[in-house]
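FYI, side chains are in, hydrogens and waters are out, and symmetry mates aren't considered; it's all heavy atoms of this structure. So you know, we letter chains A, B, ... as the sequences are listed, proteins then strands, and number each from 1.
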Amino acid sequence: MANQAQPNIPEIFLSPYNPSEHEDNLYQMWNDSGYFNPDNCVKDGIAKPDAEPFTVMLPPPNVTGNLHLGHVYEDSLQDAFVRFHRMQGKRTLWVPGTDSAAIATQARVEKNIQKEDKKSRHDLGREELVKRIEVFAKESEGTILNQIKKVGMSLDWSRYAYALDDERYEAVMTAFTNMYEAGLIYRGNRIVNWDPKGQTTISDDEIVYEERDAKLYTFKYNKDFPITIATTRPETKVGDTAVAVHPEDERYKQYIGQTFDFIFCDVPVSVKVVADKEVDPEFGTGAIGVTPAHSKIDWDIADRANIDHRPQVINEYAKMVAEGRLSGLKVTAAREEVVKWLEEENLLEKTEDIKQNVSTAERTGGIIEPLPKLQWWISVDKEFIIKHSEITGIESGEKISLKELMRKSVENGDVVFPQDRFRKIYFHWIENLHDWCISRQIWFGHRIPAWYKEDEIKVQTNSPGEGWEQEEDVLDTWFSSALWTFSTLGWPEQTKDLETFHPTSFMSPGYEILPLWVSRMILMSGFHLGQVPFKAVMIHGLVRDKQGQKFSKSLKNGTDPLEMVKLYSADALRMSVLMGTAIGNDIRFDEQQVRGYQKFANKLWNISRFVLTSNADVNWEQVPELSERDEEIIRKLKQTVSEVSDEIDKFSLYLGAEKAYHYVWHELADVVLEESKDILTGADESAKYARQYVLKECLITSLKILHPFMPFVTEAVWQNLPKELKDQDILMVAKWPK
RNA sequence: GUCCGGUUAGCUCAGCUGGUAGAGCGCUACAUUGACAUUGUAGAGGCCACAAGUUCAAGUCUUGUAUCGGACACCA
């Protein structure tokens with residue numbers, strides 16, 4: 001091309017698209033415009049004051065974390081929806097935030113302190129440790145926020161929320177107090193999942209099962225004891241209070257109701273033979289040694305048989321508290337010791353190798369020790385009176401349990417799962433739901449607002465006065481996360497934001513936190529507001545590497561998204577995760593694809609150059625006389641717009657992106673531009689003018705429909721278009737075409 | 001054990017309410033110093049896992065089988 005002969009088009013188009021030259025500036029420009037905030041859009045007439053609101057809450061990443069591909073995927077999905085709806089003139093709000101990930105963050109800081117100062121948390125004391133964790137959290141906060149900006153997320157930073165800031169604190173305290181007063185939060189002694197390594201309770205959802213080799217020991221407690229039992233944990237048998245058999249089991253029927261006293265491994269033990277339907281006569285010997293204090297199932301059996309839950313024989317450090325030869329031993333050592341004793345006494349009948357699923361803590365990897373502990377719980381089955389309800393099928397003033405509330409919110413269609421299979425998974429999970437243990441024995445987090453004085457308990461945010469001691473435990477992180485859709489909007493204050501933007505429009509989490517988070521948001525929002533937290537849940541899959549493996553630190557297969565941005569651009573990275581996979585399925589990340597979409601960005605750049613070059617200095621005042629072919633091109637363009645819009649509306653973002661992409665490259669560039677060359681260089685001025693007009697329309701519309709997916713390159717082109725072609729200075733808030 | 005998915009071109013995946021298969025990447029050949037160093041055109045390549053059923057018609061609906069994967073539960 002003869003460069004010096006170029007008509008008046010911005011020089012920038014003369015070289016290939018260079019994303020790093022534009023992206024940061026464009027983000028800055030968007031941010032400075034104020035249009036991430038819907039209030040400003042209303043003020044400047046971009047959205048009508050009564051326009052339909054569209055709200056999304058960013059699933060808050062860990063404040064101390066780094067952006068990974070999973071975030072990029074999740075956030076790109078949301079940003080595309082948000083930008084689409086913003087361009088349609090809705091009052092569009094996307095709220096950013098970060099989470100504290102209390103257990104992980106505290107563990108990390110404790111480790112640092114241990115390493116640098118050789119001090120434990122107890123050396124430092126509660127206040128000092130919490131202070132240090134806060135400092136650490138705040139220091140690292142900027143990292144993830146900047147990374148999110150780097151990939152172009154159109155979040156309203158003026159509404160930024162942090163899980164442990166003052167407003168969220170207010171919400172958490174109020175939520176706890178209200179639920180306590182409704183009788184849904186209670187303190188109870190129950191078997192919990194105790195993580196001896198992390199020194200805290202964890203919820204069922206934080207457990208991972210690992211298959212390990214174990215030994216099943218079959219033995220008698222004592223020579224005179226008539227029943228043989230089998231166990232993988234002989235060391236707990238000093239805590240047995242019963243032996244359970246199936247009520248119909250002919251072998252043992254005669255012993256039911258009898259009590260036996262004997263010395264087991266230096267410890268006096270008294271067991272009663274009880275009948276329980278849960279016992280499988282086929283497994284082992286068909287008889288279970290019941291250790292109520294160290295097994296959930298046994299605890300329940302003891303409950304049903306009305307037997308004492310004590311004694312506790314293992315402590316919080318997974319050491320034996322029993323008297324005699326086991327005293328002070330770790331459980332693993334105690335196990336060997338008991339087996340040795342059984343052999344000495346000739347009580348051991350056999351030892352078998354079996355596979356066993358061992359419960360371990362997700363975060364620390366510690367083996368879970370079930371222990372009875374005084375904990376705080378949320379009852380999911382207890383009925384309460386719901387004061388106010390806007391949820392279909394639930395009347396204000398009705399009696400209902402949280403479980404029912406969670407079921408009905410989805411059953412009646414107030415919360416829609418566009419993918420049917422996740423709806424099923426949700427219901428399946430609700431069926432298996434138990435009371436939720438919400439107390440955690442760490443220091444970083446929201447301290448439970450319960451106060452003790454002698455035998456009295458008061459639940460309130462501030463100290464009732466002299467002599468009252470506050471509960472040591474903090475709340476499960478998921479408690480505050482569950483409030484997120486409305487705590488971010490100012491609740492418990494009845495703010496205008498809350499009124500306008502809640503329920504939110506949709507939530508887009510990964511399937512791994514459906515039970516942990518999604519269902520609990522439904523629970524909390526239903527209880528506190530009588531609303532659902534969101535109208536739709538778009539569950540997405542995991543981002544995996546090319547081989548289909550999960551990204552993980554240990555595999556060292558992690559791809560740094562920022563590296564991809566640097567190499568190819570944020571737009572290309574976003575397209576590569578959005579396109580090609582139906583939402584809900586796992587994605588295989590392939591760098592080749594990112595490269596491919598960067599080519600596309602450049603293609604778009606060149607299309608723009610071509611159109612601008614051929615349209616330079618045209619005066620648009622005349623009405624063009626379109627040929628039949630011109631009209632056909634416009635028809636096809638409009639059809640593409642409506643297809644893309646439809647797909648996005650149906651949550652099929654990947655199809656919307658693909659249709660826009662396909663149109664621009666293989667219709668607009670390959671067909672329309674090619675055939676226009678002759679017309680543009682031809683002698684028919686009227687036909688030329690008409691085609692110039694058509695090309696202009698095609699370009700503007702293409703930029704618009706691609707903007708939700710590739711915000712940067714489309715905006716970069718837009719910023720260099722002549723003013724008279726634009727309906728808004730900024731593409732981000734330009735009108736979505738029809 | 002209960003539940004939920006996947007199985008379509010060499011690879012990664014689309015294919016919505018049934019009308020004899022699509023994209024990207026890769027591959028082959030040709031073209032290209034006129035928007036495009038990141039281009040175009042053409043092409044090869046598929047018993048849509050298998051079987052039975054419904055239908056005028058089945059990747060598409062039903063049932064079953066195989067196989068891979070996931071979630072939940074969990075046994076002493």
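In this structure, CG of A:Leu542 is placed 16 Å from P of B:rG69, rounded to the nearest angstrom. Distance, A:Glu643 CD to B:rC16 C1': 12 Å, rounded to whole Å. Summarising the geometry, the separation between NZ on A:Lys296 and P on B:rC75 is reported as 9 Å, rounded to the nearest angstrom. Between the CH2 atom of A:Trp605 and the P atom of B:rA37 there is a distance of 13 Å, rounded to whole Å. One interatomic measurement links the two molecules: CG of A:Asn606 to C1' of B:rG40, which rounds to 14 Å at whole-angstrom precision. Taking atom NZ of residue A:Lys650 and atom C1' of nucleotide B:rG15, one finds them 12 Å apart after rounding to whole Å. A:Phe610 has its CZ atom 14 Å from the C1' atom of B:rU39, to the nearest Å. The CG atom of A:Leu578 sits 14 Å away from the P atom of B:rA14 (whole-angstrom rounding).
Within the 4.5 Å cutoff, side-chain heavy atoms of A:Trp517 are placed close to those of A:Pro59.
Rounded to the nearest Å, the gap between the P atom of B:rG15 and that of B:rC61 is 12 Å. Only the P atoms considered, B:rU62 is 28 Å distant from B:rA23, to the nearest whole Å. Comparing the same atom, C1', in B:rU20 and in B:rG59 gives a spacing of 11 Å after rounding to whole Å. One P atom belongs to B:rC27, the other to B:rA66, and the distance between them is 40 Å to the nearest Å. To the nearest whole angstrom, the two P atoms, one in B:rU17 and one in B:rG53, are 24 Å apart. Atom name P, nucleotides B:rA14 and B:rG6: the rounded distance is 9 Å, in whole Å. Between the C1' atoms of B:rU28 and B:rA51, the separation comes to 38 Å (whole Å). B:rG34 and B:rU7 have their C1' atoms separated by 49 Å, given to the nearest Å.
Residue A:Asp670 has its side chain nearest to B:rU41 when only B:rA37, B:rU41, B:rG15 are considered. When distances are taken from the side chain of A:Lys677 to each of B:rC74, B:rC36, B:rA14, the shortest belongs to B:rC36.
The aromatic ring centroids of A:Tyr661 and A:Tyr597 lie less than 6.0 Å from each other. Taking the ring centroids of A:Phe712 and A:His22, they lie at or beyond the 6.0 Å cut-off. Note: A:Phe651 and A:Phe81 meet the aromatic proximity criterion, with ring centroids under 6.0 Å apart. The aromatic ring centroids of A:Phe422 and A:Phe417 lie 6.0 Å or more from each other.
The closest side-chain donor-acceptor pair between A:Tyr17 and A:Asn606, if any, does not fall under 3.5 angstrom. With hydrogens and angles left out, the side-chain atoms of A:His434 and A:Asp381 include no donor and acceptor closer than 3.5 Å.
Backbone-only contact: A:Leu655 has heavy atoms under 4.0 Å from sugar-phosphate atoms and none from a base. Within 4.0 Å of A:Leu673, counting heavy atoms only, lies at least one base atom of the nucleic acid. Base engagement by A:Lys603 is indicated by at least one non-hydrogen atom pair under 4.0 Å involving a base atom. Across all strands, A:Glu674 comes closer than 4.0 Å to base atoms (heavy-atom distances). Within 4.0 Å (heavy atoms only), A:Asp298 reaches no atom of the nucleic acid at all.
At a threshold of 4.0 Å, the pair A:Glu675-A:Lys677 does not count as salt-bridged, since none of the basic side-chain nitrogens sits closer than that to a carboxylate oxygen. Salt-bridge formation is detected for the pair A:Glu647/A:Lys659: a Lys NZ or Arg NE/NH1/NH2 atom is positioned less than 4.0 Å from an Asp or Glu carboxylate oxygen.
Regarding contacts with the backbone of B:rG5, every side-chain N or O of A:Tyr511 stays at 4.0 angstrom or more from both OP1 and OP2. Contact check, A:Asn585 against B:rA14: a side-chain N or O comes under 4.0 Å of OP1 or OP2. Contact annotation: A:Arg588 side-chain N/O to B:rU12 OP1/OP2 distance is under 4.0 Å.
Under a cut-off of 6.0 angstrom, the local environment of NZ in A:Lys566 is sparse, with at most 12 non-hydrogen atoms contributed by other residues, nucleotides or ligands. Within 6.0 Å of atom NZ in A:Lys220, more than 12 heavy atoms from other residues, nucleotides or ligands are found, so the atom counts as buried in its surroundings.
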Nucleotide N/O to protein N/O under 3.5 Å, stretch nucleotides 23-30 of chain B:
| from | atom 1 | to | atom 2 | distance (Å) |
| --- | --- | --- | --- | --- |
| B:rG24 | OP1 | A:His666 | NE2 | 3.3 |

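Across the interface with RNA chain B, nearest-nucleotide mapping of A:Ile607 and A:Phe422 shows A:Phe422 to be the residue nearer the 5′ end. Mapped onto RNA chain B by nearest heavy atom, A:Lys424 and A:Ala669 fall at different nucleotides, with A:Lys424 at the one closer to the 5' end.
Under the 90° criterion around 0 for the glycosidic angle, B:rG59 counts as syn.
A:Phe225 pairs with exactly one of A:Tyr252, A:Phe260, A:Tyr255 by the ring-ring contact (aromatic ring centres under 6.0 Å, His included) rule, that one being A:Phe260.
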Encoded 5' to 3' (Watson-Crick or G-U under 3.5 Å; [ ] crossing; | other strand), RNA chain B becomes (((((((..((((........)))).(((((.......))))).....(((((.......))))))))))))....

